[in-house]
Amino acid sequence: MTARLEHLNIAVPDPDATAALLCELFGWHIRWQGPAIGDGWSVHVGGEDDYLALYRPADKTLTDPERYARQGGLNHIGLVVEDLDATEARVRAAGFTPHNHADYEPGRRFYFDGPDGVEYEVVSYG
């Protein structure tokens, strides 16, 4: 039996704004939104089979731990797209700066830092 990843749950200051941006950049849709654990708020955004659960705690207080240095911390979220150049153009138009471009076997990629301190890796294998 093989498992597949269904969702990731990450804490962000404004789940609604982050969900709207991810819908714009990646063609996703909001699958569900509503009250969440601890009187927080959650928005589930993604495709039919997998998604990101964007969570804001009730007190809206979030710290900014250093990426790649915290045990168990989120380093980045990797996303596969069909057209890397078109996606990069949308990322730039939204005001973000792509970095760490690479062509490697078997694909091409770039990264960008999103609005909530989350880094995204965008890759294309086409």
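The basis for the numbers below is simple: all heavy atoms, side chains too, and nothing from hydrogens, waters or symmetry mates.
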Check your understanding: How many angstroms lie between atom NE2 of His7 and atom NE2 of His44, to the nearest 0.5 angstrom?
Key -> 6.5 Å
Check your understanding: What's the shortest heavy-atom distance between Asp16 and Gln33, and which atoms?
Key -> OD1-OE1, 3.4 Å
Revision key, fill the gap. Separation between CD1 (Ile10) and CG (Asp116), nearest 0.5 Å, reads 7.0 Å
Review point. Are Ile77 and Val91 grouped together when hydrophobic residues (ILVMFWY) are joined by side-chain heavy atoms under 4.5 angstrom apart?
Key: yes
Check your understanding: What is the distance from atom OG of Ser42 to atom CD1 of Ile37, rounded to the nearest 0.5 Å?
Key -> 10.5 Å
Point to revise | Pro115 to Leu21 - nearest heavy-atom pair and separation | key: CD-CD2, 3.6 Å
Point to revise | Glu6 atom CD, over 12 foreign heavy atoms within 6.0 Å | key: yes
Review point. For the hydrophobic clusters of this structure (ILVMFWY residues joined by side-chain heavy atoms under 4.5 Å, transitively), does one cluster hold both Val123 and Trp28?
Key: no
Point to revise | Shared hydrophobic cluster, Tyr51 / Ile30 (ILVMFWY, side-chain heavy atoms < 4.5 Å) | key: no
Review point. How long is the span from the CD atom in Glu88 to the CG atom in Leu25, to the nearest 0.5 Å?
Key: 12.0 Å
Practice item. Evaluate the criterion side chain to side chain contact (heavy atoms under 4.5 Å, CB included) for residue pair His29 and Glu48; output intermediate values, then yes/no. Key: CA-CA 9 Å; His29 65 275; Glu48 296 306 315; 3.0 Å; yes
Practice item. Check step by step if side chain to side chain contact (heavy atoms under 4.5 Å, CB included) holds for Thr87 and Phe26. Key: CA-CA 7 Å; Thr87 303; Phe26 301 116; 3.8 Å; yes
Review point. Hey, are the side chains of Trp41 and Pro57 touching, using non-hydrogen atoms and a 4.5 Å cut-off?
Key: no
Review point. Does the separation of the ring centres of His99 and Phe112 fall below 6.0 angstrom?
Key: no
Point to revise | Test item: Asp50 and Leu5 side chains (from C-beta on) under 4.5 Å apart, heavy atoms | key: no
Review point. Heavy atoms, side chains only, cut-off 4.5 Å: are Phe110 and Thr97 in contact?
Key: no
Exercise for review: Consider only side-chain heavy atoms of I, L, V, M, F, W and Y, link residues closer than 4.5 Å, and tell whether Tyr125 and Leu84 are in one cluster.
Suggested key: no
Check your understanding: Side-chain heavy atoms under 4.5 angstrom apart, residues restricted to Ile, Leu, Val, Met, Phe, Trp, Tyr: same cluster for Leu79 and Leu8?
Key -> yes
Point to revise | Check: Arg109 side chain, Gly78 main-chain N or O, donor-acceptor pair, under 3.5 Å | key: no
Check your understanding: With a 4.5 Å limit on heavy-atom distance, are the side chains of Leu74 and Val118 in contact?
Key -> yes
Revision key, fill the gap. The reported gap from CG in Asp103 to OG in Ser124 (rounded to nearest 0.5 angstrom) is 10.5 Å
Exercise for review: Nearest 0.5 Å please: distance from the CG atom of Asp113 over to the NE2 atom of His76.
Suggested key: 11.5 Å
Check your understanding: Less than 4.5 Å apart, any side-chain heavy atom of Arg31 and any of Val43?
Key -> no
Review point. Given Leu54 and Val45, is the side chain to side chain contact (heavy atoms under 4.5 Å, CB included) satisfied, shown in steps?
Key: CA-CA 8 Å; Leu54 307 172; Val45 61; 3.7 Å; yes
Point to revise | Step-by-step side chain to side chain contact (heavy atoms under 4.5 Å, CB included) determination, Asp85 to Arg108 | key: CA-CA 10 Å; Asp85 296 327; Arg108 298 172 44 225; 2.8 Å; yes
